[in-house]
Structure formats: structure tokens, C-alpha cells
Amino acid sequence: MKDNRKSIFHRSFACGLFIFIIYVGVVVAALRLKIFEGDEYSQKLNSTMRSDKAIPAIRGEILAKDGRTLACSVPQYTIQIDPCASSDEVFNANINELGRCLSMLYKDNSGEYYANLIKDHRRRGKQFLRINSKKINYNQLQQVREFPIFKLGRFKGGFMYEENDHRAMPFGTLAARTIGRIAGGMAGLEQTYNDVLKGHNGVSSSVRIGNRWVDREITPPEDGRSILTTIDVDIQDVAENSLLNQLQKQNADHGVAILMEVKTGAVRAIVNLHKQGDTYVEDRNYAISELKDPGSTFKLATLMACLEDGKITDVDKDTINIFDGEYRIYDRIMRDSHREPNPIVSVTKAFKVSSNIAFARLALKHYGNDPQRFIDRLRDLGVCDSLGIDLKGEGATYLKNVSDKTWSGISLPWISIGYEVLITPLHLLSLYNAVANNGTMMRPMFVEGIVDHGEVVERMRPKVLRNSIASRSTIKTVQKLLEGVVKEGTARNISDTKGYSIAGKTGTAQVAFQDKGYSHNGERKYLASFAGYFPADEPLYSCIVMVYGPSKDVYYGNVVAGTVVKAIADRVYASACRMGNVESNAQQEQARNYPSSKGGRLKDVKRVLSDLNIKCSSDVGTTWVSTQAQENGIRLTPRPAVDGLMPDVRGMGAADAVSILEERGLKVILSGYGHVVSQSIPQGTSYVRGSTVVIELRNS
């Protein structure tokens, strides 16, 4: 028994000693590897691995209010090759033809140049060559895939490419300055919402397996989310074209047009056009940043101050002497644009004809002994408030105090008619929008929501800046007077509207030449403007148009700016069911009883409606139609298509949309499901057969 215990002990000791020796050996080997041979093995490891590199995230889109794309990332590609990948037989038989194809693609060097470039890299054993730094589009990439050698793929032909995103605007320059840019210094919504749009890059590394480098994804990219703006593409297009036509007609320097939704402050259109050579471009957001003397449109604020302080009690009975159209104030002569037969006019009349003298005398009479009271009251109206908009570059308004060094005896009367005060078009519009909104001042909105994979994940709520800028009686009084300006006053030239009315105020201001005053070498510049809202009795939209520097001797606000507002209002009125010829409640209820239908092929639509016993119009002479529910059935309207121009497939189902697009030689990429809500190539633009169009579908 004793011998057995000794035997077990000896064997256990021998095993333990053996394990200890192995452990010591491992530790010694590890230390040797670390201390003496670490650099050598690190170099070998690095020769089989490449450092991590970023996988770019796809930048989110900027969308119009109806989901149509205003800005998106379009992939572009650079072509690369591993010259050593293909066999000698394949390479030698096809390299010259590959060079010729590359020459035709890039059109900058001969086929011989490209063939020799690839041959040289193959001869030197180089396994990577970027053939040309020029970027190609998706359609060109598909053509390149069929080039000799390249069509064998990456491992047998050495074909590779690198993808980069290019920011594209499907609607061209429409609202370009507000949408913004990301190249050459970020601006606009691209800048403000960059953190939302950019997403987060992923990470990948390359590992050498044999004589090939293989990419390996470590962290996948997180694509950016999209932003849903307040911009209405159709209204924006009307506003831009209406303003452009007037700028060209008057040979003006630049102009602004803004359309805002009264109840929410949502900006449905914003146009900034500046003359550049023989054309007009969007290169600065004047609407939110340019500070100018507003002129007579500011008389609204003066009138409201007098009403709020009880200085005017009855606008029809309170009168003022405007003399013969000229009035001396210290060393200055103030003039009206025309003389009135009777110099004693009511406040109502003075406002309608926009008398400078009347408002200057009202200010002097009621605030001459306490001008700071007038300034404070103007501030109470919110005209100097920061709007806090979701765009960078908002201009800071300037309204001087009596304590300012520049204050003089003429400051009070001149401020009352819109001089010696600096304000942006958007600030002035916000005042008029508040009047239209029964005194509630809203913050102008440019973004309504954040979209992630087609779903709105965050909604921006309208924000009230001031619950009431003035008393109810003051608001009602000025609403009536603003309507009177268009019916009987300086803006009666735009009163001829059918089914609705406009309310607003004209403005014609002289513009200062830097520090040279309002006249330089006998030349004067003017700012023509109109601010108002429509319909006057139940306002839906407020609008402002400003035209700077008209040079055809036509510079009055009613003619230059008012006509643009009317053109915009007419178009909006014609397309908005809540304005003018509104359907009766019974008609609306009957229309809601019909099932939702999509446009499509005429015979298919008629067959479905017939099966459902729903009446439809039949005098449609086109193959493709749109549908609209009416009181007595479904109305079919033609979808005309012009050869060479992109058709409108919005509202169609996927099958019909693909059919009509492929009939025209287009390649179609579908996104989502349901009916078509947007197409990457806008309706009416020219296209090339073989181009790719992306159509977005939504089930709603």
C-alpha cells in the first residue's frame, strides 16, 4: 500500500514537472517573439492586411411637401483594373480592343494610350490601376461591364470600380438657394440639416488571400435620413416663372417672392433671382438675409401703432391735411407720388392712396413729443423679432432708438413711411401673415418632418412667435383697409380676380447707394414691393414680392410687384379646392364614397370601373388617363405624352408606370410599393433612350 502511494506521487510529480517545463517554454517563446522577432512578424502581418477604410453612407434626400425629390445623391463611378488578373492569352487578344472602348468612353486619349497604360502596369506587376479620374454614370457603368476583358469580372478580368455620390437636383434650379449645396461650402437646408442627412459611415478592411485583396465589412454604414420640406413644387414653379418674367421685363437687378401658409407659417414657395450677365440665377437667399428700407409697405406698422395707442379712433372720420403733395420737415421736402384734389383726407383714404405726408404728419402729431414711444410700439408688433427659422443666415432687423447717434429730427417721420429702418422680406411678410392670421404671428417653417426609409419618423409642429401682435379691433380695422387698397387704392390694377379677392399694400422705396445717399450721378434706384394675402375674407396664403432696381422707368409696387402676386394667387386659387369654386359638402361626401383609383391604361381603367358599376367619362382620346372622383362618377382625363419628353406617371400603379416608361426605351428602378408619387426625371424634360429613371411608390 505504501509502495503504491509512492508510485502515485512520483508519477504525479513527473506530470506536474512536465507541464511546468512546457509552460516555461511557451512563456519564453512568447517573450522571444514579442521582443526579438515582433517587428518582423508585424511586417508580415501588415503585408496581408490593409488599414480600415470608410464605407460612405448614402446622404438622405430633400423632399418637397408631396414627397417629390428636390435633392438626392446620384452614384457616380471611377473605373479601376487589376492588370495582372487575366491570363496572357485573354489579355494579349483583347487589350487593344479594350483600349479602343475606353477611348470612346472618355473621349480624351487614344485607344493606344489606354492599352499601353494597362500593359505597362501589367509588365511591372502592379495589381491596381485607376484608369481615369473622370466619373461615369450608372448607364455608362453598365456599358463598361461589357467591355473586352472587363466582362470576365473581377477575378478573371480584373474589373473593379469605386462608387461616389454626386448631389443632384431633379427640378434643376427650383428653390436652389433654399435647398442649398454641400460642395464649395455648405449652405441652405443641406447645411442646417447636415447631421440628419449625412448618416454615419461604415468601416471595412481588405485582407490578402493568396494574391488577391478581398474587402471585408466590419461595420455597416447607416444611411442618412431625408427631410420633408414645406416647398410645393407646382407653386414654386409658378412663383419662379412669374418673378423671372417680371425681372426680365423690367431689366431689374434682383427679386424675391415668398408664399406662406397663413395658419402654419409653412413656406410653400421661396424665390431668389439675381441678374448674372444675360440671365437670372439663384446665388443668394435675399428673402431671409437682405436688409432694405421697405418703403410704403411699412405704413401698415405705423397705422397699427397709432390704432393700438388710441391715437386714431375712427379711420373713416379722423382726417389729416396732406397739403398739395409737398411738405417741409426741417431741411427736407417730403412728397407724395400724386396730388389729391382735396388735401383733407381721412386715414382710410391716406392708406389707400399711400400718402407719405399723411403718415409722416400722423407720426409727428401723435409721437413728436415722445418718439421712443412710437419705436417701442413698433417693436411690440414683432417687426424686429428674430424669426428663429431653420435656415442659417437670417438677417437682423434694424430699428433705431432715440438714443442712437444717428437719430435726428427727420427720423420719426421717415421711419413712419418705411425709411431709416432695415428689414428682410421674410420679416415683413411675417407681419402681414400675422394680420391675415387674426393677430397670431407664426414662425416661418421650411421643414415639416424627418423621413426614414419612406416613413415620417418626426413631425415639426408649427410654432407661434406671438399669440397676438395687436388687439382684435386693430386687426379687423387694418384687414378692412388692406382689402380696400386692392379694391379702390394703389393696387386696384390687380383687383380683377374671379372668385376670390386679394388684400395687401404696395410699396415703392428709393434705395440708398451705400454711403452716397439716395441719388448718385443723377441716378436713382427703387425697390418695388407688394405684401398681402388671399383670399381676403378667409386668408389661406400670404405673399410678398420685392423687385430691386427696375430700370425701364417703371418702378411702382402695384405694377412691378403686384402683378407677380396676382399671377401666383391666380394659379394657387385655380388648383386649391378650398378657394373660389369649392365643391358642395354633398359633392365632397359623394366623391369620398368612390374607391380610390389610380391612373393607367384607358381600357383597363374603364373595365374595372364597369365591373364596379361606377360611371366614368368616355370621351378621352389617349391611351393613358388620370382619374378624379366627382359627384356623378369618375372623371377620366388624358395623359398626353410627347416623344422625347418625359411622361408624367405619378398616380399610376407600378405595372402601368413601368409599361409606359419602357415603351419609351427607359430603364426603370422601383422603390417602395403602391402608386407612383415621384419620378427622378421630371415630367416634360428631355431624356435619352436607355436612361435610367427611378420611380418612388407609396401605399396611401
Side-chain angles (χ1 to χ4, degrees), residues 56-76 135-139 163-194 196-199 223-241 243-244 257-259 267-274 276 279-288 390-393 446-448 451 645-646 648-650 666 669 671 676-688 691-696:
I58 298 176
R59 190 174 180 84
E61 297 182 341
I62 297 180
L63 308 172
K65 67 179 289 287
D66 61 357
R68 282 186 275 180
T69 302
L70 297 175
C72 61
S73 294
V74 177
Q76 292 185 327
K135 295 179 174 59
I136 62 174
N137 60 34
Y138 180 80
N139 290 335
E163 179 178 333
N164 296 281
D165 285 337
H166 164 70
R167 206 62 171 166
M169 298 178 67
F171 288 96
T173 61
L174 211 66
R177 192 56 186 81
T178 299
I179 295 168
R181 61 175 184 268
I182 57 177
M186 299 188 75
L189 293 172
E190 293 276 18
Q191 178 186 24
T192 304
Y193 287 87
N194 183 50
V196 174
L197 293 165
K198 69 180 181 180
D223 293 339
R225 294 180 294 173
S226 299
I227 59 173
L228 186 68
T229 72
T230 61
I231 299 297
D232 185 307
V233 171
D234 298 322
I235 296 176
Q236 177 76 29
D237 185 50
V238 172
E240 185 166 312
N241 282 294
L243 180 62
L244 176 61
I258 316 172
L259 186 82
V267 176
R268 297 306 181 197
I270 178 169
V271 187
N272 300 273
L273 293 175
H274 177 80
Q276 191 174 85
T279 187
Y280 287 87
V281 299
E282 283 223 2
D283 60 358
R284 179 183 172 188
N285 205 332
Y286 297 102
I288 71 168
D390 43 10
L391 278 174
K392 294 185 178 180
F446 293 89
V447 171
E448 292 187 341
V451 178
L645 297 182
M646 175 60 59
D648 183 8
V649 297
R650 289 171 296 167
L666 292 160
I669 296 177
S671 174
V676 180
V677 295
S678 68
Q679 54 192 74
S680 61
I681 303 178
Q683 170 199 5
T685 58
S686 59
Y687 64 89
V688 178
S691 299
T692 298
V693 57
V694 180
I695 59 175
E696 182 181 352

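Taking CG of Leu273 as the start and OG1 of Thr279 as the end, the distance is 9.0 Å to the nearest 0.5 Å. Note that SG of Cys72 is 12.0 Å distant from CZ of Arg59, once rounded to the nearest 0.5 Å. Interatomic distance, CZ of Arg650 versus CD1 of Ile695, reported as 12.5 Å (0.5 Å rounding). For the atom pair OG1 of Thr192 and CG of Leu391, the computed distance is 5.0 Å after rounding to the nearest 0.5 Å. In this structure, OG1 in Thr229 is found 5.0 Å from CG in Leu70, a value given to the nearest 0.5 Å. Here the CD1-CD1 distance, from Ile231 to Ile62, works out to 10.5 Å after rounding to the nearest 0.5 Å.
Arg284 is not listed as a side-chain neighbour of His274, based on a closest heavy-atom distance of 4.5 Å or more. Side-chain contact between Val267 and Ile258: present, with at least one pair of heavy atoms (C-beta onward) separated by less than 4.5 Å. Contact of the Tyr138 side chain with the Gln76 side chain is not registered, since no non-hydrogen atoms from C-beta on lie closer than 4.5 Å.
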Let's go through Leu174 and Val233 carefully: what are the C-alpha distance in whole Å and the side-chain angles of both, what is the deciding distance for side-chain contact (heavy atoms from CB on, under 4.5 Å) to 0.1 Å, and is it a yes or a no? CA-CA 8 Å; Leu174 211 66; Val233 171; 3.8 Å; yes
Could you walk me through whether Glu61 and Ile227 satisfy the side-chain contact (heavy atoms from CB on, under 4.5 Å) test, starting with their C-alpha distance in whole Å, then the side-chain angles of each, then the deciding distance to 0.1 Å, before giving a yes or no? CA-CA 7 Å; Glu61 297 182 341; Ile227 59 173; over 6 Å; no
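Taking every heavy atom of both residues into account, Asp283 and Gln276 meet most closely at OD2-NE2, 4.0 Å. Heavy-atom minimum distance, Val447 versus Thr230: N-CG2, 3.8 Å. Between Leu189 and Leu197 the shortest heavy-atom distance is O-CD1, 4.1 Å. When all heavy atoms are compared, the tightest approach of Ala269 to Ala239 is CB-CB, 4.1 Å. For the residue pair Val451 and Leu63, the shortest heavy atom distance occurs at CG2-CD1, 4.3 Å. Minimum interatomic distance between Gln679 and Val649 (heavy atoms only, all atoms of both residues): OE1-N, 3.0 Å.
With hydrogens and angles disregarded, no donor-acceptor distance shorter than 3.5 Å links the side chain of Thr69 to the backbone of Ala71. Under a 3.5 Å cut-off, the side chain of Glu282 and the backbone N or O of Arg177 do form a donor-acceptor pair. In this structure, Asp223 contributes its side chain and Ala57 its backbone to no donor-acceptor pair below 3.5 Å. With hydrogens and angles ignored, the 3.5 Å screen pairs a side-chain donor or acceptor of Gln236 with a backbone N or O of Ile270. In this structure, the side chain of Asn241 engages the main chain of Asp237 through a donor-acceptor pair within 3.5 Å.
Salt bridge absent: Asp232 and Arg68 never bring a charged side-chain N and a carboxylate O closer than 4.0 Å.
Between Glu190 and the options Lys198, Arg167, Arg181, a salt bridge (charged side-chain N to carboxylate O under 4.0 Å, His left out) holds for only Arg167.
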